[in-house]
Amino acid sequence: MVKIIEQNKSNPEQKNIVPDFLLIKKLIFTILHCLLFCGAFPNVFSLQGFSFLGWICLIPLFYLLDLCHNRREKTIWALISGFAAYSGLIGWLYPVHWFGALIFVVLLALQVVVWSLLYSTFKLSNNILVCAALWVVSEFLRIQWLGGFEWTLAHSQTFNPWLIQIFDLTGPLGLSFIIVLVNGLSYKFLKHKYHWKYLVYAGMVMGLVAGYGAFKIRQMDGMAKTKSFQVCLVQPDTSSQDKKDPDLVAPLLERDLQLSRECFRDFHPDAVIWPETAIADDVRLRPDLLSRIGDSALFRRKEPAEKGRCPLFLTGSALWDGRRDQNGAVLLGPDATVWNVYVKQQLVPFLEFYPWGTFLRNNFYHQDFEFTSGRTAGVMDLGQGRAGIFICSEDGYARLFRKVAPQHPDFFILLLSDIWTRVPPALMMHLQNSIVRAVSFRTPLIRSANSGWSGAIDAAGRLARSSEQLNQAQVFKETIKLSKPGSTVYAKYGDFFAVICVLFVIMTLYKEVNVVKGVKEKTIDANVTKYTS
């Protein structure tokens, strides 16, 4: 050992061998984490993602942080790793709005930084339960600083019905806790020379989650289904350029009406639904459009006689409140009169409004429009059932669904455009939030998209069809079972699990502080005794 030290002193170039090797190891773990993390979500190789990668994607991150010598170094590498992972995950957003995407990625990556800071405090990394709770706390904090927008590690599992039924208890944060816990146990297994007890614990945890999921799915499938709702979803696949052209409003309406006639071939829908801003003008102020809708075969059908009435018509429409545009949904009755209107409450920054005043609008990106938001929850009576109405990215905000839940809707309806990207993985990632809402509130969700995924999601999160018909004009005929098992724990109490994790972390930190304080006091007393004696 002495010889090695003397050689290093005599040859200064050898001093950089170890640091360079550590740097390479850190880069390898960073890249590995990014690949596993991005692979767990929808990607170019699988539109539903390789969800099993979510259960091991944090192992390289654990190794990476253990290679760092101090908190400053851990913070830097956590930021690098988080930024790289989320840039890879939502890289398709940069062409839409590079500045907004950059801010969004940084805000997402800060969650990893917060977790790493807490992770490296008082050697909490020795306790896997605390690590999992810290991850939940950091994701919960990110939800708050994103204004309620929810995107968690648990979203990677949304295409596995058996693993997501826990959402009705804890929401996605509960499954995030489980995923981090399994990652941590797997890391312990590798680090401690393959002690099999860690894998046994991980298998037991996953078995409990899957067992609960199997129980809930079987319970819901066995419930009596007394009512159903038949709906026809029109997916027009209209380009954003065509929607912005006022001269094309009437021709596009005619095309969509023609497409809607396919709804009545061997099918008798209770409602025909068009996607977000399918009518790029305020249909309430356009008697010519209302007249054309009323005169179409959509409302003039009299058969089948046993139905007793013609279907209702729900469409996304641009609205005008006298000052600014609004993004809304308009329900028309059989006589083509306006029955109800919902205005989108949660607008998308940089695309539908500009945060922090007009500075960003004038200096970074200019949109042709800027919306004002609605203030009231949207619940509409569609005859055969009551529907909670949402538009576009609102399925990413659980609080909006909790506002509607007390009115006991039979199903949710989400109108969305999805014309801001043609990338299939991006469209499927948007679908994941809808699955989370359907399971969390045990309420079927009907999705009507312009070019993304259109169809029905049942209360167990199962899809009515695959993802093969993206980015093309289609008509989908769906029948939704309306039986509901009642309100869920998550619908009643929200993110109570996150609060439990916060309290758990605070108590653990308090205990660790007292332990460190006690050790310091004993050391001081021993030194005083030594020198005085």
Side-chain angles (χ1 to χ4, degrees), residues 36-55 57 85-86 88-93 104-105 108 111 139 142-143 146 148-168 170-176 178-179 209 213 346 348 390-398 400-401 412-418 420-421 423-449 451-471 490:
L36 295 177
F37 181 79
C38 294
F41 292 89
N43 55 74
V44 295
F45 301 104
S46 173
L47 290 183
Q48 292 192 356
F50 304 104
S51 58
F52 68 92
L53 296 178
W55 299 92
C57 70
Y86 283 109
L89 186 66
I90 60 172
W92 38 263
L93 191 58
F104 187 45
V105 169
L108 290 174
Q111 175 262 323
E139 284 193 336
R142 183 176 63 189
I143 292 172
L146 286 176
F149 180 78
E150 190 174 77
W151 188 260
T152 68
L153 186 59
H155 282 61
S156 64
Q157 307 302 309
T158 48
F159 297 111
N160 294 322
W162 283 23
L163 297 178
I164 63 175
Q165 303 307 312
I166 193 177
F167 288 170
D168 67 351
T170 63
L173 292 177
L175 185 56
S176 287
I178 299 297
I179 294 174
V209 174
Q346 189 68 47
V348 180
F390 304 91
I391 297 176
C392 194
S393 58
E394 288 188 324
D395 62 344
Y397 296 85
L400 299 180
F401 285 76
F412 299 134
I413 295 178
L414 178 68
L415 309 182
L416 61 158
S417 180
D418 274 350
W420 39 270
T421 181
V423 180
L427 302 176
M428 295 302 291
M429 285 180 65
H430 196 173
L431 170 62
Q432 291 181 299
N433 265 327
S434 297
I435 298 174
V436 171
R437 299 298 160 239
V439 179
S440 298
F441 294 88
R442 291 294 179 205
T443 304
L445 190 147
I446 301 169
R447 217 168 180 269
S448 179
S451 55
W453 191 93
S454 299
I457 305 169
D458 71 6
R462 293 170 294 192
L463 306 180
R465 64 176 187 83
S466 66
S467 57
E468 297 173 355
Q469 288 94 4
L470 301 175
N471 296 323
Y490 181 74

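All heavy atoms count here, side chains included; hydrogens, waters and symmetry mates do not. Sequential numbering from 1 along the given sequence is applied to the chain's residues.
The distance from atom CZ of F412 to atom OG of S434, rounded to the nearest 0.5 Å, is 11.0 Å. A distance of 10.5 Å separates CZ in F52 from CD in Q157, rounded to the nearest 0.5 Å. Here the CD-CG distance, from E139 to L108, works out to 10.5 Å after rounding to the nearest 0.5 Å.
A side-chain N or O of T152 and one of H155 form a donor-acceptor pair less than 3.5 Å apart.
The backbone N or O of E394 sits nowhere less than 3.5 Å from a side-chain atom of Q346 that would complete a donor-acceptor pair. R447 places a side-chain N or O within donor-acceptor distance of the main-chain N or O of W453, the cut-off being under 3.5 Å. For S51 (side chain) and S156 (main-chain N/O), no donor-acceptor pair under 3.5 Å exists by modelled atom type. Between the side chain of Q165 and the main chain of A460, a donor-acceptor pair closer than 3.5 Å is present.
Shortest non-hydrogen contact noted between R442 and A459 is NH1-O, 3.0 Å. Here the shortest heavy-atom pairing between C38 and G88 reads SG-C, 3.7 Å. Between L445 and F401, the closest heavy-atom pair is CD1-CE2, 4.3 Å. Between C57 and L153 the shortest heavy-atom distance is SG-CD1, 4.1 Å. A pairwise comparison of heavy atoms in T158 and I164 identifies O-CD1, 3.5 Å as the closest pair. Taking all atoms of both residues into account, the shortest heavy-atom contact from I457 to L463 is CG1-CD2, 3.8 Å.
Salt bridge absent: R437 and D395 never bring a charged side-chain N and a carboxylate O closer than 4.0 Å.
Here the side chains of H430 and C392 are in contact, with some heavy-atom distance below 4.5 Å.
The aromatic ring centroids of Y397 and F390 lie 6.0 Å or more from each other. Between F104 and W151, the distance separating the two ring centers is not shorter than 6.0 angstrom.
A perpendicular orientation is assigned to the rings of Y490 and F441, their planes being inclined by more than 60° (bins at 30° and 60°).
Within a 6.0 Å radius of CH2 in W92, other residues, nucleotides and ligands contribute more than 12 heavy atoms.
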